[in-house]
Amino acid sequence: MPAITIKDVRVILTQPTGQRLVVVKIITSEPGLYGLGCSTFTQRFHAVHAAIEHHLKPFLIGRDVQRIEDIWQQAMVNGYWRNGPVLNNAISGIDMALWDIKGKLANMPVYQLLGGKCREAASVYVHADGRDAAEVVENAQRFIEQGYRFIRVQMGGYGGKHARDLRPEGALEGAYYDPRAYVRNMLNMIEAVRVALGDEIELLHDIHERLQPIDAIGFAKALEQFKLFFLEDALAPEDIDWFERLRAQCTTPLAMGELFVNSLEWRTLIERRLIDFIRMHISAIGGVTPARNAAIMAQIYGIRTAWHGPADVSPVGHAANLHLDLWSPNFGIQEWCRFPELVYEMFPGCPEVRSGYMYPNDKPGFGVDIDEALAAKYPCTDEVEQWTQTRLPDGTPARP
Ligand code: MG
């Protein structure tokens, strides 16, 4: 039987909510057979689009759709320089689309190809925010009523209240925050939430790499008494050497990795058991193929998965997360963004969440399709990101 080959690669850009989504469609030589993948790098979507259209598409046309591993390995080094979020996201869309096609050819969901289910559904956590502790409690209680048991609590987003009042004269515009005030305010908020919600609800918190390493260690230590399910991105990727010191100081469970783009970044953390959850943005590391490898490595070292899953992951990407979650023996938790109805209409088969669990639909592949006509009605807008123009109280540029 002649091989089924890649006939065309198309990039679909759409913005049904605030986030610009990048979806790849691989069309095969077999009539009616195609696959979808997620390449969403919402802040740099044009760059990913160009990488696929001008570099990867000419490289891919005519290749055997069954040879996912061979294509992944070759695509990663074809430009000689490798990794980086643009190339990784571009390759991810191809990789996921090929897994989707393989599932359709086998007439099986992708989790079957990975080794079959270890569970029927994936536990998810959702985000409760608020202007003050009372509002965070109120929002968390609403989620609990809907059956959620894992809740990430933040106050005023990632930096607390903007510290604009403290700026020196002539300071530049930006998204200001005060790291030391953040630590004080978050400790008070998390204590209030724990007292109000009791011990049964699992709480999570995301520092978003916004503290100096020594302050992050002090914060993690002070949080120990509130028994978080995990503390996310306590340190920036540039500061991962500090994890050893953080680990030595407290038992607050640690989740890390949404900014990682290279296996060197998670390898040491796993090998030295310095974290408890890996949580990469799967498209930013290159798709299901490297995520499967990272999950297996983590499993050997007793570390669980918690893949990144906010609204800057397309429904195809969320389905890829879910299929890995259902299979991984070391699955921990899945982040979930609660898409509005429009997204379900645009992406038929988008995973559904009921009472805190995310369920697959058991269609072959990832089980998600796209209504391209509807997607075209919501074109991506160009805008300069504001929230990433982060500054400390004296105007110093800071990591977002
Ligand atoms: Mg995060």
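Along the sequence shown, the residues carry numbers beginning at 1. Indexing begins at 1, ligand by ligand and atom by atom, following the structure's order.
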- request: Could you tell me whether Arg152 sits above the aromatic face of Phe230, with NZ or CZ closer than 6.0 angstrom to the six-membered ring centre and within 45 degrees of the axis?
  value: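 Judged by the rule (NZ or CZ under 6.0 Å from the ring centre, within 45° of its axis), Arg152 is not positioned above Phe230.
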message: Under 6.0 Å from the ring centre and within 45 degrees of the ring axis: does the NZ or CZ of Arg119 meet both conditions for the six-membered ring of Phe331?
response: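 No, Arg119 does not sit over the ring of Phe331.
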message: Suppose we call two aromatic rings close when their centres sit under 6.0 Å apart. Are Phe150 and Phe229 close by that rule?
response: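 Yes, the ring of Phe150 comes within the 6.0 Å limit of the ring of Phe229, centre to centre.
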task: Tell me whether the centres of the aromatic rings in Phe366 and Phe347 are closer together than 6.0 Å.
output: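 No, too far apart.
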message: Would you call the rings of Tyr158 and Trp387 parallel, tilted or perpendicular, taking 30° and 60° as the class edges?
response: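 Aromatic pair Tyr158/Trp387 classed tilted.
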query: Below 4.0 angstrom, N of the basic side chain to O of the carboxylate: do Glu385 and Arg20 qualify?
result: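 Judged by the 4.0 Å cut-off on N to carboxylate O distance, Glu385 and Arg20 do form a salt bridge.
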task: Could you name all protein N, O or S atoms found under 2.8 Å from the Mg ion (ligand 1)?
output: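 Asp206 OD2, Glu232 OE2, Glu258 OE1, with waters left out.
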